[in-house]
Amino acid sequence: LAKTTQPISMDSYEGQEVNITCSHNNIATNDYITWYQQFPSQGPRFIIQGYKTKVTNEVASLFIPADRKSSTLSLPRVSLSDTAVYYCLVGDVEYGNKLVFGAGTILRVKS
Amino acid sequence: DTEVTQTPKHLVMGMTNKKSLKCEQHMGHRAMYWYKQKAKKPPELMFVYSYEKLSINESVPSRFSPECPNSSLLNLHLHALQPEDSALYLCASSPKGLAGGPINYNEQFFGPGTRLTVL
């Protein structure tokens, strides 16, 4: 399973765009890139998933360059409620397969 | 019903006790998972059940015994635990998705967890 590297923490202010980059140099051909969000004392929540180029949904965008060795989660106009830990996961997302969480990035949004 | 429920929310047990954690989902998902999460650490996979059969055991000590009685229910039986087993135990489930299909490939839906303290 590809190892991921993310910043340990980031600070931002309300209304700003936040970009969290994840490095995954050993990503394999079958691997997808998935991001989860976790609030204290809650289970992680799926944010977005992609294989290549750009994926956008109602909460975030995921940018993946052609070599797929890194990816960037973009959160537009963050609010205080976006303060959480964000995990980047890389792996073959076959049904019933395992997820390996990296260390995650603690995002603190200030007013 | 689009959620995974876990009971109890909190559990305190002694090292000689036997207790069980329960997880339920009614989304028709056929894969279910147990994770362990220590404070300020990421979740670590313990077990995966696929179609009610144990498919992955991440070398978890035998004092943790999983059980999947049916497609909606997942239990984790605990016996002779150690204080270092104190953690948040998370259950998750996932649907059978296809790459590029309408649902996110193997998106896992997590429950709120059971906070376990072993004295």
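No hydrogens, no waters, no symmetry mates; every other heavy atom, side chains included, goes into these values. Keep in mind that what you see is a predicted model, and the values were worked out from it rather than measured. So that the names make sense, note that chain A is the first sequence line, chain B the second, and so on, each numbered from 1.
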task: Enter the distance from I47(A):CD1 to E107(B):CD here, rounded to the nearest 0.5 Å.
output: 11.0 Å
- request: With rounding to the nearest 0.5 Å, note down the distance linking OG in S41(A) to NE2 in H10(B).
  value: 7.5 Å
message: Counting neighbours of CD1 on I8(A) that are heavy atoms of other residues, nucleotides or ligands and sit closer than 6.0 Å, is the number greater than 12?
response: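 No, the 6.0 Å shell around CD1 holds no more than 12 heavy atoms from other groups.
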message: I'd like to know whether CZ of F39(A) has more than 12 heavy-atom contacts from other residues, nucleotides or ligands below 6.0 angstrom.
response: yes
hydrophobic_cluster_shared for [Y] and [X], side chain cutoff 4.5 Å:
X: Y86(A); Y: V59(A); result: yes
X: L11(B); Y: M46(B); result: yes
X: L45(B); Y: F46(A); result: yes
X: L21(B); Y: L73(B); result: no
X: M13(B); Y: M15(B); result: yes

field: Atom group of Q108(B) that falls short of 4.5 Å from chain A, counting heavy atoms
entry: both
- prompt: Contact part of P112(B) toward chain A, heavy-atom cut-off under 4.5 Å: side chain, backbone, both or neither?
  reply: backbone
task: Using heavy atoms and a sub-4.5 Å threshold, report which of residues 34-42 of chain B line up against chain A, by residue number.
output: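 Answer by number: Y35(B), Q37(B), K41(B), P42(B).
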query: Is there a side-chain contact between P43(B) and Y36(A), using heavy atoms and a 4.5 Å cut-off?
result: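 A side-chain contact under 4.5 Å is absent here.
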task: Write down the atom of L90(B), the atom of Q38(A), and the distance for their closest heavy-atom approach.
output: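 Reported closest heavy-atom pair: CD1-NE2, 4.2 Å.
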